[in-house]
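Here the structure is a predicted model, which means the values were calculated and not measured. Hydrogens, waters and symmetry mates play no part in the numbers below; they use all other heavy atoms, side chains included.
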Amino acid sequence: MKQHLTAIIFALAILGSAIVLGNAYWKRSLEETKISVTGLGETDFISDLIVWEGLFEKQANSLGEAYSGLEQDRKAVTEYLNSKGIASEEIVFSAVQTRQNTRAEYNNEGRYMGETFLGYILSQNISIESKEVEKVEKTAREITELLNKEIQFYSQAPRYYFTQLADLKIELISKATEDARLRAEKIAENSGTTLGGLITANMGIFQITGQNSGEDYSWGGTFNTSSKAKTASITMKLDYRIK
């Protein structure tokens, strides 16, 4: 009985080794009969959505005085933006932020002696999102005119987006796939073989960079928002059988 069991185990070991070797040979043969290519899909486009943010603030000795001044400034900011063609519905004001303004005091020996209260500073953020990109751009450049009204307004750089990004991505995938196939056909032709069926297809990272910006691609994907004119790209890696 023991001899039969040993023989069975030995036979199973041989069968297992044969399967492993056969599988390795099959994989090696598959590697030797395929072409791997990477195609690129790329296009330039202009952003069709702009987001612009800013902040204005008011300082006074009392909260009531500071809030009253901030209310007046908010009205003046709204009127100014309306005069530039920006509708009130496009203007979003955040909640009012309040902080105390203090000054650190030190004695003649440089020892910290505490804080002196100087008043209250109230601030409010403003955000504008619009498809009228050029109009908002122009307003952002001219916003310093509010200084003439004694309004402390701090403007951030506009951010640019594209609302048809999903459709653009599909278009680029198609371009990258076609580019990869043309490369594979050329390789097969030059090597005297015939291109067979597709084995695998893997999509690369979607990248959006500013045109002529010199930005580097990122392994996790670059998404530029600082440039109105952008370049979108994607890669497709395809494996084809060859005959």
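- With Ser227 contributing its side chain and Gly210 its backbone, the two residues share no donor-acceptor pair below 3.5 Å.
- Side-chain contact between Lys169 and Ile234 is present, with heavy atoms from C-beta onward closer than 4.5 Å.
- Residues Lys175 and Asp179 are not paired through a salt bridge, judged by the lack of any N-O separation under 4.0 Å between the basic side chain and the carboxylate.
- Taking the side chain as every heavy atom from C-beta outward, Gln207 and Ile205 approach each other to under 4.5 Å.
- A salt bridge links Glu105 with Arg103: at least one charged nitrogen is closer than 4.0 Å to a carboxylate oxygen.
- With ring centers used as reference points, Tyr154 lies 6.0 Å or more from Phe56.
- Side-chain atoms of Trp52 and Ser130 form no donor-acceptor pair, as typed in the model, at a separation below 3.5 Å.
- At least one side-chain heavy atom of Leu168 sits under 4.5 Å from a side-chain heavy atom of Phe45.
- Glu42 and Ser233 are not linked by any side-chain donor-acceptor pair at a separation below 3.5 angstrom, with hydrogens and angles left out of the test.
- A single hydrophobic cluster is not seen to contain both Val92 and Val51; linkage of ILVMFWY side chains at heavy-atom distances under 4.5 Å, directly or through other members, places them apart.
- With respect to the salt-bridge test (charged N to carboxylate O, under 4.0 angstrom), the residues Lys84 and Glu145 qualify.
- Glu185 and Arg181 are joined by a salt bridge, as a carboxylate oxygen and a charged side-chain nitrogen come within less than 4.0 angstrom of each other.
- Both Val77 and Tyr67 sit in one connected hydrophobic cluster of ILVMFWY residues. Membership requires side-chain heavy atoms under 4.5 Å apart, directly or through other members.
- For the pair Lys228 and Glu134, the minimum side-chain heavy-atom distance is below 4.5 Å.
- Under 3.5 Å, the side chains of Thr231 and Asp44 contain a donor-acceptor pair of N or O atoms.
- In this structure, the separation between CZ on Phe117 and CD on Gln100 is 5.0 Å, given to the nearest 0.5 Å.
- The distance from atom CD1 of Ile50 to atom OH of Tyr160, rounded to the nearest 0.5 Å, is 4.5 Å.
- Closest approach of Asn224 and Lys230 over heavy atoms only: O-NZ, 2.8 Å.
- Sorted by first and then second residue, the salt bridge (charged side-chain N to carboxylate O under 4.0 Å, His left out) pairs with a member in residues 88-102 read Glu57-Arg99; sequence neighbours excluded.
- In the model, Lys237 has no side-chain atom that pairs as donor or acceptor with a side-chain atom of Asn202 under 3.5 Å.
- Atom CG of residue Leu182 and atom OG1 of residue Thr177 lie 11.0 Å apart, to the nearest 0.5 angstrom.
- When the shell of 6.0 Å around NZ of Lys186 is examined, it contains 12 or fewer heavy atoms from other residues, nucleotides or ligands.
- A salt bridge links Asp73 to Lys58: one of the charged nitrogens lies within less than 4.0 Å of a carboxylate oxygen.
- Using a 4.5 Å cut-off between side-chain heavy atoms of Ile, Leu, Val, Met, Phe, Trp and Tyr, with links allowed through other members, Ile173 and Leu165 fall into the same hydrophobic cluster.
- At distances below 3.5 Å, at least one donor-acceptor pair connects side-chain atoms of Lys135 with backbone N or O atoms of Gly85.
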Legend entry - Test side chain to side chain contact (heavy atoms under 4.5 Å, CB included) applied to Ser47 and Val133, step by step: CA-CA 8 Å; Ser47 303; Val133 178; 5.6 Å; no
